[in-house]
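To start, the structure under review is shown below, and the notes come after it.
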Number of protein chains: 2
Amino acid sequence: MKHLSPFIQKLIDEFDKLPGIGPKTSARLVFNLLHRKEDIRSFSDALNNAYQNVHFCPECYNLTDDGLCTICNNPQRNKKMICIVSSNQDVEAVEKTNEFEGVYHLLNGLLSPLEGITPDKLKIKELETRIKDNGVKEIILALDQSMEGEATTIYLSKLLGQYDVKLSQLARGIPMGANIEYTDEVTLGSALKNRKQL
Amino acid sequence: MKHLSPFIQKLIDEFDKLPGIGPKTSARLVFNLLHRKEDIRSFSDALNNAYQNVHFCPECYNLTDDGLCTICNNPQRNKKMICIVSSNQDVEAVEKTNEFEGVYHLLNGLLSPLEGITPDKLKIKELETRIKDNGVKEIILALDQSMEGEATTIYLSKLLGQYDVKLSQLARGIPMGANIEYTDEVTLGSALKNRKQL
C-alpha cells in the first residue's frame with residue numbers, strides 16, 4: 001500500500017506479527033482502531049503495563065505479575081502433584097474444569113525437531129529440578145494429541161520414569177457431544193479399550 | 001479467567017474490542033505476544049506514534065499523517081473526479097487497480113437505520129460542500145453490494161442528482177475466475193443485461 005502513512009504501515013506490521021493474523025486482517029484491525037482514538041491510548045497503556053509487570057513465574061513458568069503466580073502462591077494447591085502443559089491457554093482450560101488441585105508446569109512449547117524445538121528449548125531441566133527439590137509424588141501429562149504432543153509425551157514418560165513419581169496422561173475417549181459415527185477409529189478404539197464399568 | 005494477572009486481562013480486553021476477534025483469540029494473541037517481550041514495546045510505540053500523528057484528511061476523510069493525504073496532495077490526481085467509498089480499505093482496493101486517477105471521498109460508513117447510522121452520521125454534508133466548492137464534474141459510487149451499500153447508493157444518487165455532475169456506480173457482472181454455474185441469478189442477470197460487444 002504505497003500511499004499509506006508510515007505510522008499506519010508500522011502498526012499494520014505489528015499486528016501482522018501475531019499468529020493467524022495476515023496483512024489484510026491487520027489492515028482491517030488497524031483502520032478500525034484508528035477510528036476509535038481513545039482506545040488507541042488505552043491499548044498502548046495496556047501493552048506498556050504488561051511489558052513492565054508481567055514475567056514468568058519462577059516455579060511453573062506461567063505468566064504472572066507477582067513473585068510467584070497465583071496458583072503456585074495458593075497454599076491450598078497440592079505442590080506434590082504437577083500437571084504438565086505446553087502453554088498458558090492449556091492452564092486456563094484445565095483450571096476451568098475445577099477438577100485439578102495440584103500445580104502446573106509449563107513447558108512453553110512441544111518437541112518439534114523439524115522446527116528446531118529440541119528438549120533443551122523446553123522447560124524440562126527446570127521440571128526435573130522441581131521434582132527433585134519438592135518431593136513431587138504425581139505427574140499428569142496434559143499435552144495435545146498432535147504429533148508434537150505425542151512425541152513430547154513419549155519423551156517425558158521415558159525421562160520421568162527414573163523418578164519415583166506416579167505418572168499418567170489424560171484419558172483418551174469420545175468427547176462430550178460426539179457422534180459415534182464420526183469419531184475416528186483411534187479415539188473409538190481407545191474408548192473401547194478403556195471402557196468404564198457401569 | 002479468575003487467576004489471571006489483571007495486566008494480562010486488561011490487554012486481552014483491548015484485543016477483544018477489535019472486530020472479529022473474540023475473547024479466546026484475544027487470549028491466544030496476548031499469550032503469544034507476552035512471550036516476545038521486545039515486540040510488546042515496539043507494538044506499544046507503534047500505537048503511540050499512530051495516536052500522535054494520524055488524523056483524518058480534511059478533504060477526503062482518509063487517514064493521513066500530513067496536512068492533506070498523499071492522494072489529495074498529489075497534483076497529478078484529477079480533483080474534479082471523486083470516487084465515493086465507505087472505508088479506508090476500499091481506497092486501498094481501488095488504488096490497487098491502477099485504473100483511477102481522481103480523488104476519493106470516504107463516507108466512513110454505510111447507511112444502516114437499524115444500527116442508527118443515518119445520513120448525518122456519514123460525511124455526506126462534507127461531500128456536498130466539496131462538490132460545490134471544487135466544481136466536481138464526475139462522481140463514481142463504489143459501495144458494497146450489500147443491503148447497506150445499496151441503500152447508500154440509492155440515497156446518494158437521489159441527493160447528488162441535483163448537482164450538475166456525471167454520476168455512475170461500479171459495473172455489476174461476473175467476477176474474475178467465476179463459475180457460471182455458481183453465479184447467483186442477480187449477478188448473472190446484470191451481466192447479461194450489460195453484456196459487452198466483442
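Residue numbers begin at 1 in each chain, while the letters A, B, ... track the order of the sequences.
- Contacts with chain A were tallied for N32(B), L47(B), V91(B); L47(B) has the most, counting heavy-atom pairs under 4.5 Å.
- S44(B) touches chain A through backbone and side chain together, each having a heavy atom under 4.5 Å away.
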Evaluate the ring pair (Phe, Tyr, Trp, His ring centres under 6.0 Å) criterion for residues F43(B) and F15(A): first the C-alpha distance (whole Å), next the side-chain angles of each, then the deciding distance (0.1 Å), finally the verdict.
CA-CA 8 Å; F43(B) 202 141; F15(A) 273 100; 4.9 Å; yes
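- Chain A forms the most heavy-atom pairs under 4.5 Å with one residue out of I40(B), D13(B), V30(B), and that residue is I40(B).
- L68(B) and F100(B) fall into different hydrophobic clusters, where Ile, Leu, Val, Met, Phe, Trp and Tyr are joined by side-chain heavy atoms under 4.5 Å apart, directly or via other members.
- At a 4.5 Å heavy-atom cutoff, the contact between L29(B) and chain A is made by backbone and side-chain atoms alike.
- For chain A, the option among K17(B), Q52(B), K10(B), H55(B) with the highest count of heavy-atom pairs below 4.5 Å is K17(B).
- When the candidates N108(A), T70(A), N88(A) are compared by the number of heavy-atom contacts under 4.5 Å with chain B, N88(A) comes out ahead.
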Please step through side-chain contact (heavy atoms from CB on, under 4.5 Å) for the pair L107(B) and V85(B), ending with a clear verdict.
CA-CA 6 Å; L107(B) 299 174; V85(B) 292; over 6 Å; no
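- Interface remark: of the candidates A50(B), S87(B), S42(B), P6(B), S42(B) forms the most heavy-atom pairs closer than 4.5 Å to chain A.
- Between H35(A) and F56(B), the ring center distance clears the sub-6.0 Å criterion.
- Considering only heavy-atom pairs separated by less than 4.5 Å from chain A, the leading option among D66(B), T64(B), L63(B) is L63(B).
- Contacts between N49(B) and chain A at a heavy-atom distance below 4.5 Å involve backbone atoms as well as side-chain atoms.
- Y163(B) does not carry K132(B) over the face of its six-membered ring by the limits of under 6.0 Å from the centre and within 45° of the normal.
- Residue K79(A) places its NZ atom among more than 12 non-hydrogen atoms of other residues, nucleotides or ligands, all under 6.0 Å distant.
- Here the CG-OG1 distance, from L111(A) to T152(A), works out to 4.0 Å after rounding to the nearest 0.5 Å.
- The parts of R28(B) that come within reach of chain A are both its backbone and its side chain, each placing non-hydrogen atoms under 4.5 angstrom from that chain.
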